[in-house]
**Q** 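Sending over a structure as structure tokens; questions will come in a sec.
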Number of protein chains: 4
Amino acid sequence: MTRRRSDTREQIRRVALELFAEQGYEKTSLREIAERLEVTKAALYYHFKTKEDIVASLFEDFHAEAEELLEWSRGQEPTPASRREFVRRYAEIIQGPGREMLRFMQQNEPAVRDLKGGADLRARMQLFAEFLVDKDSSLPDQIRARMSIFSLHLAHFAMRDTAVDEDEVQAAALQVALDLIPED
Amino acid sequence: MTRRRSDTREQIRRVALELFAEQGYEKTSLREIAERLEVTKAALYYHFKTKEDIVASLFEDFHAEAEELLEWSRGQEPTPASRREFVRRYAEIIQGPGREMLRFMQQNEPAVRDLKGGADLRARMQLFAEFLVDKDSSLPDQIRARMSIFSLHLAHFAMRDTAVDEDEVQAAALQVALDLIPED
Amino acid sequence: MTRRRSDTREQIRRVALELFAEQGYEKTSLREIAERLEVTKAALYYHFKTKEDIVASLFEDFHAEAEELLEWSRGQEPTPASRREFVRRYAEIIQGPGREMLRFMQQNEPAVRDLKGGADLRARMQLFAEFLVDKDSSLPDQIRARMSIFSLHLAHFAMRDTAVDEDEVQAAALQVALDLIPED
Amino acid sequence: MTRRRSDTREQIRRVALELFAEQGYEKTSLREIAERLEVTKAALYYHFKTKEDIVASLFEDFHAEAEELLEWSRGQEPTPASRREFVRRYAEIIQGPGREMLRFMQQNEPAVRDLKGGADLRARMQLFAEFLVDKDSSLPDQIRARMSIFSLHLAHFAMRDTAVDEDEVQAAALQVALDLIPED
DNA sequence: CATGAATGAGCTTTCATTCAT
DNA sequence: CATGAATGAAAGCTCATTCAT
């Protein structure tokens, strides 16, 4: 019944993300996470110092990928083409577990904002926008660039009441996101 | 020091919305609301049966206005022009307190979803989308119609790190929203 | 079954002091205090914001009496006579509930030190010593002055294994304390 | 990096005593002791069966020295001279680590009382008093004899807010202790 | 119209302890 | 000789809610 080294840690992260995204951070108790994994609450504390640290650990994954993307962007001239490439790469990042992560971030803003690493994520989003649109662009274009990102985050949620395949939605969302990037 | 009939009730709603939007529903305790108003928690219970009922009461305001808008839309042919008019009217609704309400809804999805009246609001959003885009439109257009609405909800949040005037943002957001409505 | 206004608060203070003095601060749980009073833990929190605040409230009583004594001492020339009078007055203060308080303080030093108001109490003790002995007295006299105070605090504890009447002990302790005050 | 046979055991005792004396027994967790030694909690359990056993082991050292002193005293007539010699010998015992031990005992009474060996230590103190003062002496003299011992225990603590050298304090404390022993 | 007092349920967190490896 | 992983029990605390006055 014992698990491989750090298997439990990974399981905790997985279940926690699932529940945080589904029910929200505050509403998800450690008891609930523990019960799903059939361990005790105290076991969670062996692997993470606090509830907040579980989230922080999840943030880090995203943080790292976002950083890599930003690193790439710093070597690019901000042309329509490179901006679209940026969006495409970002879309790829937030496939899989990333998508749940972003859904969590976007739909639990007040909680996330106060969490360790939360401010940092917000700052990163701001940097995304700065690459995607010129500082002196029109206000609508500024907003468009940001809604481009949000399309990728929210498309699935926006279409949740329709019976459309998840992957198709994500592909269409990329389309929408690309079209929101200013042409020049 | 006395208050006009049901002034208190209105104050509770105001402060509650403020705090729910700012800190989230779960993180905002009745104690906090009561303290801000310098009344006791028990006083809140004189005006509202439960915490949830405070939110429900806030929802109702929005619900009524949304209903009116839908009523109007039912008398319209869904043309590009009427759709744009719909968006314009919706933008007007969510000025003022409405904006805080929507920010709350969008950024506390997991909490709101389970609240009395929450599902209803979601359904209404779905109806909005159905008026704004044809059922057999392309998937990207379906998403665009929904992101149109979300632009109005989230523009202020998306631009929060920039130093732009709130009303200008909202005007630009309307611009973006209108452009996301399919041309035909 | 209801109690008079603030009766409960006083009961909490009484039982808490009893248990803190008997078992120590850390070992005494709020559950235990609550059970003795046949109320719930939450009731304690209605009357005191934290466990620490219960102690702080107890400290305040002593603090006030100590302050009064110091106030008196400030109007006195520090003669052997006035110093003995000081000790006599202090002995009177720490009769009754005061004695349990001091026993708590003296026998839970590490806990008390970190408690709100704890440092303050220690400072007061220092001021006592400063009145009781000249700054340039010999080191043994410095210590004697302090042990004089401690005699009053600890005599009961020191004699606990003997079968002597509590009041007699306290009277004898005063005798010892007085004899420890430097003759001039 | 390896340690001599049972070096670790000694380190645990040393660090534990340090922390128990400084923060109190209850407030000091095994985690904290382990962290200071850069070993795991489980390692502590290799050397000691329980937390209590660490203290018990510390008590034993003192117990042994106290026993030796008592053994010596049993061969002595209780004269003023032999009583003073007793105090001098005791003062020597509680130099060094012994002093921290006694500080711990005196300032954590409620915890110590319930610990394995705690009652025993208290009994020994009682035996000290019995040698130092006649059973039929006056009550003040009974108390004086006990305060004599306490002077040695508490002098350092009593003078903590002054800037006097530790060894000087201890020498003066011995002076005070000796003077508290009844002349006949 | 509102308060003071209290509760039951639940939360996050910490602790001493165990045991297979 | 020691660790990694886990547990059961309990702690301090907060919350929404109730109700007599």
Side-chain angles (χ1 to χ4, degrees), chain A residues 1-9 26-34 37-54, chain B residues 2-3 5-9 26-34 37-54, chain C residues 1-9 26-34 37-54, chain D residues 2-3 5-9 26-34 37-54:
Chain A
M1 241 330 154
T2 25
R3 299 175 211 250
R4 285 194 322 283
R5 157 102 176 80
S6 256
D7 186 17
T8 301
R9 193 173 200 274
E26 317 274 358
K27 247 195 168 175
T28 303
S29 71
L30 295 182
R31 179 185 51 71
E32 206 172 350
I33 297 173
L37 290 169
E38 297 182 276
V39 296
T40 60
K41 271 182 293 167
L44 306 187
Y45 279 90
Y46 177 77
H47 294 281
F48 296 93
K49 270 216 309 263
T50 63
K51 185 183 182 187
E52 193 170 348
D53 275 5
I54 301 179
Chain B
T2 23
R3 294 197 171 98
R5 155 102 175 78
S6 259
D7 186 17
T8 300
R9 192 173 201 276
E26 315 276 356
K27 246 193 171 174
T28 302
S29 68
L30 294 184
R31 179 182 53 67
E32 206 173 351
I33 296 172
L37 290 169
E38 298 182 89
V39 298
T40 59
K41 266 185 296 172
L44 306 186
Y45 279 89
Y46 178 80
H47 294 282
F48 297 93
K49 263 209 332 249
T50 63
K51 184 185 183 186
E52 195 171 348
D53 276 3
I54 301 179
Chain C
M1 243 324 147
T2 23
R3 298 174 212 251
R4 288 196 319 286
R5 156 103 175 79
S6 257
D7 185 18
T8 302
R9 194 173 198 274
E26 317 275 358
K27 247 195 169 175
T28 303
S29 71
L30 296 183
R31 180 184 51 70
E32 207 173 349
I33 297 172
L37 290 169
E38 297 183 272
V39 297
T40 60
K41 268 182 296 166
L44 306 187
Y45 279 92
Y46 177 78
H47 294 281
F48 297 93
K49 271 217 310 261
T50 62
K51 185 184 181 186
E52 193 171 348
D53 275 4
I54 301 180
Chain D
T2 22
R3 294 196 172 100
R5 157 99 174 79
S6 258
D7 186 17
T8 300
R9 199 186 138 90
E26 315 276 356
K27 246 193 170 175
T28 303
S29 68
L30 295 183
R31 180 183 51 67
E32 206 172 351
I33 296 172
L37 290 169
E38 299 183 90
V39 299
T40 59
K41 267 186 293 173
L44 305 186
Y45 278 89
Y46 178 80
H47 293 283
F48 297 94
K49 262 209 333 249
T50 65
K51 185 185 182 185
E52 197 171 346
D53 276 4
I54 301 178

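Residue numbers start from 1 in every chain, and the chains themselves are labelled A, B, ... in the order their sequence lines are given, proteins ahead of strands.
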**Q** Tell me every residue that passes salt bridge (Lys or Arg N to Asp or Glu O under 4.0 Å) with B:Lys27, counting only those two or more places apart in sequence or in another chain.
**A** A:Asp114
**Q** In dot-bracket, 5' to 3', how would DNA chain F read with Watson-Crick or G-U wobble pairs under 3.5 Å, [ ] for crossing ones and | for pairs to another strand?
**A** .||||||||||||||||||||
**Q** Would you mind telling me which of E:dA6, F:dG4, F:dA5 lies closest to the side-chain atoms of C:Tyr46?
**A** E:dA6
**Q** Working to the nearest 0.5 angstrom, can you tell me the gap between B:Ile54 CD1 and B:Ile33 CD1?
**A** 5.0 Å
**Q** Which residues pass the side-chain contact (heavy atoms from CB on, under 4.5 Å) test with B:Tyr45, not counting sequence neighbours?
**A** B:Leu30
**Q** To the closest 0.5 Å, what do you measure between CG (A:Leu37) and CG (A:Asp7)?
**A** 9.5 Å
**Q** Can you list the residues that meet the side chain to side chain donor-acceptor pair (under 3.5 Å) rule with A:Glu52, with sequence neighbours excluded?
**A** none
**Q** Starting from C1' on F:dA2, measure out to CD on D:Glu38 and report it in whole angstrom.
**A** 15 Å
**Q** List in chain and number order the residues that pass side-chain contact (heavy atoms from CB on, under 4.5 Å) with B:Arg9, two or more places apart in sequence or in another chain; answer none if no residue qualifies.
**A** B:Ser6, B:Arg13, B:His47, B:Phe48, B:Ser57
**Q** For E:dA6, does either OP1 or OP2 sit under 4.0 Å from a side-chain N or O belonging to C:Thr8?
**A** yes
**Q** Please give me the minimum heavy-atom distance between C:Ala34 and C:Thr40, naming the atom from each residue.
**A** CB-C, 3.8 Å
**Q** Could you measure the distance from the CD atom of D:Glu26 to the OG1 atom of D:Thr28? Nearest 0.5 Å is fine.
**A** 9.5 Å
**Q** Between B:Leu37 (CG) and E:dA2 (P), how many Å, whole number?
**A** 11 Å
**Q** Mark up nucleotides 11-16 of chain F, 5' to 3', with B wherever a protein heavy atom is under 4.0 angstrom from a base atom, S wherever such an atom reaches only the sugar-phosphate, and - elsewhere.
**A** SBBBBB
**Q** Measure from CD1 on D:Ile33 to P on E:dT17 and round the result to the nearest Å.
**A** 11 Å
**Q** Assign each of C:Ala43 and B:Thr40 to its nearest nucleotide of DNA chain E by heavy atoms, then name whichever residue's nucleotide is nearer the 5' end.
**A** B:Thr40
**Q** With a 4.0 Å limit, can you tell me whether A:His47 has a side-chain N or O closer than that to the phosphate oxygens OP1/OP2 of F:dG4?
**A** no
**Q** Starting from P on E:dC1, measure out to CG on B:Leu44 and report it in whole angstrom.
**A** 15 Å
**Q** Test your reading of the model: is there a side-chain donor-acceptor pair from C:Lys41 to the backbone of C:Ser29, 3.5 Å cut-off?
**A** no
